[in-house]
Amino acid sequence: MDYVSALVPPVVMAVFFIALIVTIVKSQGGDNKAKEDAAVDAAVARAEAARQAPGGSDN
């Protein structure tokens, strides 16, 4: 009976890990991809605007 109690935690963790990987893979692409790409593009644009605005010209 000790072997059952020794195997349960790794099996439970493996099941949750597989479920996490499946969720991550399913969330890639499709409608989510366009939404994520738009969010990244907006963040990059804000970062570049903030980098260019205070310094002005470095010449």
Side-chain angles (χ1 to χ4, degrees):
M1 217 47 187
D2 289 338
Y3 64 90
V4 173
S5 63
L7 289 176
V8 168
V11 170
V12 170
M13 286 188 289
V15 168
F16 282 118
F17 182 72
I18 290 170
L20 175 68
I21 297 301
V22 168
T23 302
I24 290 171
V25 169
K26 283 185 176 182
S27 69
Q28 301 300 310
D31 295 334
N32 290 329
K33 182 171 177 37
K35 193 179 349 175
E36 290 170 3
D37 288 347
V40 170
D41 289 342
V44 169
R46 281 194 309 268
E48 287 183 3
R51 184 176 51 107
Q52 291 174 356
S57 177
D58 288 2
N59 291 335

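Keep in mind the model is a prediction, meaning the values are calculated, not measured.
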Enquirer: Applying the 4.5 Å side-chain criterion to the ILVMFWY set and letting contacts propagate, would Leu20 and Val11 be lumped into a single cluster?
Expert: no
Enquirer: I need the Ile18 CD1 to Ile21 CD1 distance, nearest 0.5 Å.
Expert: 9.0 Å
Enquirer: Partners of Asp41 by salt bridge (charged side-chain N to carboxylate O under 4.0 Å, His left out), sequence neighbours excluded?
Expert: none
Enquirer: Can you name the side chain to side chain contact (heavy atoms under 4.5 Å, CB included) partners of Leu7, sequence neighbours left out?
Expert: none
Enquirer: Considering all heavy atoms of both residues, which atom of Ala6 and which atom of Pro10 are nearest to each other, and what is their separation?
Expert: O-CD, 3.4 Å
Enquirer: Among the clusters formed by ILVMFWY side chains lying less than 4.5 Å apart, do Phe16 and Val8 turn up in the same one?
Expert: yes
